[in-house]
Each structure stands twice: as structure tokens, then as C-alpha cells.
Amino acid sequence: MTAKDFKIHILPVSNKLLRFAIQFLKDDEQAKDVVQDVFLKLWQKREELAKVENVEAFAMRMVRNRCLDMIRLNRSVPVEDDKIRRLNDGKSDPDREMDLSETALLVRNAIEKLPEVQRQVMWLRDIEQMEYEEIAGITEMEINALRVNLSRARKKVRDELLKHQNYGIERGENTAAKVF
């Protein structure tokens with residue numbers, strides 16, 4: 001692979017790799033370091049990349065593995081301050097914006113509580129909008145297992161939101177008993 005081929009086929013996925021690394025590490029600088037390391041390794045293995053069927057999935061797997069190595073090494077992941085952007089360039093109703101911000105925070109927290117596999121599958125499918133085949137290449141899981149994990153992850157997030165919307169009251173409970 002020439003430098004030109006590398007620029008055409010590998011470098012355009014840098015933003016996706018960076019977002020994926022940030023999702024794992026919760027630290028922009030560490031994530032940038034991981035992506036740089038991966039690019040360096042890809043460049044060093046550029047002659048072998050012709051044998052790789054899906055270079056993007058291969059790079060994503062390398063990022064995942066490098067992030068997991070860093071997490072294991074540090075044994076603590078810094079918790080990122082919640083950075084919720086303005087949703088409608090500041091023109092929306094402040095109450096609605098606050099509700100949406102709170103909901104986004106609840107969703108984020110619910111996703112972070114998921115088991116690692118479910119969190120990773122949900123991120124790749126729902127946030128990165130990747131196809132099941134790509135996710136299977138990255139995670140080395142069967143497509144049916146991906147679907148099951150994604151379904152379970154979505155259900156857990158949905159249940160957490162419903163639980164919060166009902167102020168902690170589980171569905172089907174008798175609320176009269178709690179009042180009196």
C-alpha cells in the first residue's frame with residue numbers, strides 16, 4: 001500500500017475511530033493517542049493490509065483492543081463531565097431544552113451502566129450507524145448474538161427511562177399502597 005492509498009482508504013475513518021475511542025476512554029487526549037498508535041501500526045503493516053477484507057473494521061478492532069489495554073493498564077477510567085450541546089442553536093424553549101438535556105443525560109448514564117458487550121454493540125449500531133456485518137467484524141461476534149445483545153441493551157435503556165419517568169415506580173405496581 002502506498003502513502004496515497006493509505007490517505008485515501010485509511011485516514012478518512014479517523015473521526016469514526018476517534019469517536020469510538022472516546023466512547024471507551026472518556027478522555028479526548030487518550031483517545032487521540034490511541035488513534036495515533038493505531039495509525040502508526042496500520043502504516044507499519046501497510047503491506048499486509050491488502051489481505052484484510054474490511055480495513056475499517058480491522059482498524060476499529062485495533063482501536064477497541066488498544067482502548068481495552070489502556071483501561072486494564074490504568075484500571076480507572078476518568079469520568080467525563082457531561083457535555084450536552086445546545087440542541088436547537090439556542091432558539092428552543094428553555095424548559096424543553098432542559099427536559100431534553102436531562103433525558104440525554106439519563107440515556108447516557110443508562111448506556112454506561114450496560115455490560116461492556118451491550119454498550120459496545122449499542123454504540124456501534126445506534127451511534128455510529130454501522131451495519132451488523134461491520135460490527136461482527138469488529139467484535140468478532142455472530143450477527144444473531146449482536147442482535148440479541150442490541151435488543152437487550154435497548155430494553156435496559158428503555159426500562160431505565162420509563163422507570164425515571166414514572167418517578168421510580170415500576171410498571172404494574174399498586175401506587176395507592178404507597179400513598180396511604
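Only this structure's heavy atoms are used, side chains among them; waters, hydrogens and symmetry mates stay out. We count residues from 1, following the sequence as given.
- Here the side chains of Leu49 and Asp5 are not in contact, with every heavy-atom distance at 4.5 Å or above.
- Shortest non-hydrogen contact noted between Ser14 and Val35 is O-CG1, 4.5 Å.
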Validation: residues 120-127 side-chain donor-acceptor distances under 3.5 Å, sequence neighbours left out:
{"unit_1": "Trp123", "atom_1": "NE1", "unit_2": "Glu128", "atom_2": "OE2", "d": "3.4"}
{"unit_1": "Arg125", "atom_1": "NH1", "unit_2": "Met130", "atom_2": "O", "d": "2.9"}
{"unit_1": "Asp126", "atom_1": "OD1", "unit_2": "Arg154", "atom_2": "NH2", "d": "2.5"}
{"unit_1": "Asp126", "atom_1": "OD2", "unit_2": "Arg154", "atom_2": "NE", "d": "3.1"}

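- Remark: Lys16 engages Glu56 in a salt bridge (Lys or Arg N to Asp or Glu O under 4.0 Å) (not counting sequence neighbours).
- Following chains of ILVMFWY side-chain contacts shorter than 4.5 Å, one cannot reach Met141 starting from Val148, and the two form parts of different hydrophobic clusters.
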| message | As a quick check of understanding, evaluate side chain to side chain contact (heavy atoms under 4.5 Å, CB included) for Phe39 and Leu17, giving each step before the final call. | response | CA-CA 10 Å; Phe39 278 144; Leu17 296 176; 4.1 Å; yes
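- Rounded to the nearest 0.5 Å, atoms CE (Met62) and SG (Cys67) are 11.5 Å apart.
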| Test side chain to side chain contact (heavy atoms under 4.5 Å, CB included) applied to Asn15 and Arg19, step by step | CA-CA 6 Å; Asn15 287 336; Arg19 287 191 308 269; 3.8 Å; yes
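- Contacts of Lys7 classified as side-chain contact (heavy atoms from CB on, under 4.5 Å), with partners at least two apart in sequence or in another chain: Leu11.
- The salt bridge (charged side-chain N to carboxylate O under 4.0 Å, His left out) contacts involving residues 135-151 comprise Arg61-Glu140, where partners must be two or more places apart or lie in separate chains.
- Atoms OG1 and CG, from Thr139 and Asn149 in turn, are 8.5 Å apart once rounded to the nearest 0.5 Å.
- Closest approach of Ala136 and Ile143 over heavy atoms only: CB-CG1, 4.1 Å.
- When all heavy atoms of Ala57 and Ile138 are compared, the closest pair comes out as O-CG1, 3.6 Å.
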| request: Apply the test side chain to side chain contact (heavy atoms under 4.5 Å, CB included) to residues Arg119 and Lys113: give CA-CA distance (whole Å), side-chain angles for both, the deciding distance (0.1 Å), then the verdict. | output: CA-CA 8 Å; Arg119 184 176 59 242; Lys113 290 179 186 176; over 6 Å; no
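- By the side-chain hydrogen bond (donor to acceptor under 3.5 Å, both in side chains) test, Gln118 pairs with Lys156, sequence neighbours left out.
- Pairing each heavy atom of Tyr132 with each of Leu146, the nearest pair is O-CD1, 3.5 Å.
- In terms of heavy-atom proximity, Ala31 sits nearest to Ile22 at CB-CG1, 3.4 Å.
- Counting only heavy atoms from C-beta outward, the side chains of Met60 and Glu134 never approach each other to under 4.5 Å.
- Val157 places a side-chain heavy atom less than 4.5 Å from the side chain of Leu114.
- Ile8 and Trp43 fall into different hydrophobic clusters, where Ile, Leu, Val, Met, Phe, Trp and Tyr are joined by side-chain heavy atoms under 4.5 Å apart, directly or via other members.
- Inter-residue side-chain proximity for Gln44 and Leu40 is flagged as met; some heavy-atom pair is nearer than 4.5 Å.
- Identified under the salt bridge (charged side-chain N to carboxylate O under 4.0 Å, His left out) test for residues 31-53, with sequence neighbours left out: Glu29-Lys32, Asp37-Arg66.
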